[in-house]
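Before any comments, here is the structure.
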2 protein chains.
Amino acid sequence: MLDNFFDKLSNGITLTEADKAIFRQHVIVKKLRKRQYLLQEGEICKSVAFVSKGMLRSYFVDEKSNEHIIQFAPEGWFISDLYSFITEDSSNLNIDAIESSELILITKTAHVYLEKAVPEFFKFNYMQYRGAYISLQKRLTDMFTLSTEEKYTKLLKIYPDIMQRVPQHMIASYLGLTPETLSRIRKKLIAKKDKF
Amino acid sequence: MLDNFFDKLSNGITLTEADKAIFRQHVIVKKLRKRQYLLQEGEICKSVAFVSKGMLRSYFVDEKSNEHIIQFAPEGWFISDLYSFITEDSSNLNIDAIESSELILITKTAHVYLEKAVPEFFKFNYMQYRGAYISLQKRLTDMFTLSTEEKYTKLLKIYPDIMQRVPQHMIASYLGLTPETLSRIRKKLIAKKDKF
DNA sequence: TTGATTCATTGATTTGAATCAATAGTATTT
DNA sequence: AAATACTATTGATTCAAATCAATGAATCAA
């Protein structure tokens, strides 16, 4: 059940069987049907979710009720609203399942406890946050630098698997484009390809 | 000399005098004149800098040789290219002094050593990365949501001190605008204000 | 102090993406 | 299988910001 989860952790830190037993005691397994929410705007984000199966997304809705996707989280990824999780302020984000999914939830108290009880987990999170920061910085600079077309092709290149599984308008939303614009870009790309 | 630096650290963790002594032994004080580089594109980022006086900026240059400012770092802030610092790959960024500045440098070996020797420093960095990630996410969502005018006024509101000290075209660069556009926005804002 | 850069403003024009609108195609549901 | 809801495409138009270009201010260095 927690295999994927332990695999992920082992990819960076080393866990003893005793450590794993502690995790098993403090973690919650949860299933989510397609379109079900894990978190809704206004709630406090009570846990960090590891996706062991399926795919979730986090997004916010602006005043014009446009959705902006912040993150896709397929199997092997973590998702949560870190801001709300840390501060216990109410969240501006929604998190829901794009596909029927299976999650490992770590509640706030569990998270605090586990970081103390399993120092390697603290270290894991340290690296996780640091890595997330670095990736996000890359994403931001790409936003500034790349043309719309380049943003799209780069995304396809980096996450071909995710892009395959996600409806086109969500890709547009992640890139900060309208679905119309993305549709036109794809048309242009196909035209280019056909030339050769 | 290191007062500002210890103040910053103490704002989150507790350091003993012994800890401080260790820091004093492993840290380098450096002065930088206005326009001098701390890091240039192509180099490996060898240290994290704490700004005790003055102000630096990090930025990259795109193919059209436009500068894009990633971060301003006035006194009390850290700056570096974390990506290059961690991976020891060569950096795409430049870091230079906007004003004549005074820095506390922590080299990579010092950083690794200090995190071991002063566990509280490890904890500090954990929080630092986590916080930086959360702020960056806010910045990204603002990029998507806010109008150009709103981005500018929000920036003024959050960092009035920094905006005071920085030339206008750098603010434009930070916001991802041309200097012309920012100039026109300011004109519009002044016109609005004059109405009341 | 006087050139020389660098910086900010303003105007005219172009351009890329958003918006508005309609239609066709694809899934879901009952 | 029909009905209803999503999803993607295409066209026409609008709009905000970039680009191009010129001038005026301010800062810097000799």
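These figures come from a predicted structure and were not determined experimentally. Per chain, numbering begins at 1; letters A, B, ... match sequence-line order.
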Under 4.5 Å side-chain linkage, directly or through intermediates, the cluster mates of Leu93(B): Phe60(B), Ile70(B)
Pair Ser91(A)-Asp81(A), side-chain donor/acceptor within less than 3.5 Å: yes
Dot-bracket summary - DNA chain D, pairs being Watson-Crick or G-U whose distances fall under 3.5 Å, with | when paired to another strand: ||||||||||||||||||||||||||||||
Salt-bridge contact Glu88(B)-Lys46(B) (side-chain N to carboxylate O under 4.0 Å): no
Test item: side-chain donor near acceptor, Tyr126(A) and Asn125(B), under 3.5 Å: no
Ionic contact status for Glu67(A) with Arg57(A), cut-off 4.0 Å: yes
Presence of salt bridge, Asp142(B) and Lys151(B), under 4.0 angstrom: no
Phosphate OP1/OP2 of dT9(D): any Arg186(A) side-chain N/O under 4.0 Å: yes
Look for any protein N or O under 3.5 Å of an N or O in nucleotides 27-30 of chain C and output each such pair with its distance, or none.
none

Residues clustering with Leu56(B) (ILVMFWY side chains joined when closer than 4.5 Å, directly or via others): Ile28(B), Leu32(B), Leu38(B), Leu39(B), Val51(B), Ile79(B), Ile95(B), Leu103(B), Leu105(B)
Linked, directly or transitively: Ile13(B) and Val112(A) (ILVMFWY side chains, under 4.5 Å): no
Rounded distance (Å) that lies between atom P of dG16(C) and atom NZ of Lys151(A): 14 Å
Nucleotide nearest Arg35(A) when distance is taken to its side chain, options dT10(C), dT9(D), dT7(D): dT7(D)
Pair Arg165(A) + Glu75(A), salt bridge at N-O below 4.0 Å: yes
Derivation and outcome, side-chain hydrogen bond (donor to acceptor under 3.5 Å, both in side chains), residues Asp7(A) and Ser10(A): CA-CA 5 Å; Asp7(A) 283 354; Ser10(A) 304; 5.4 Å; no
d(CD, Gln168(A); C1', dG25(C)) in whole Å: 13 Å
Residue-phosphate contact under 4.0 Å: Lys187(A) side-chain N/O, dT10(D) OP1/OP2: yes
Annotated protein contacts, base or backbone, on nucleotides 17-22 of chain D with a non-hydrogen cut-off under 4.0 Å, one of B, S, - each: SSBBB-
dA8(D) phosphate, OP1 or OP2, under 4.0 Å from His169(A) side-chain N/O: yes
Residues that Ser47(A) engages under side-chain hydrogen bond (donor to acceptor under 3.5 Å, both in side chains), provided they are two or more places apart: none
Whole-Å gap separating P (dT9(D)) and CG (Leu189(A)): 12 Å
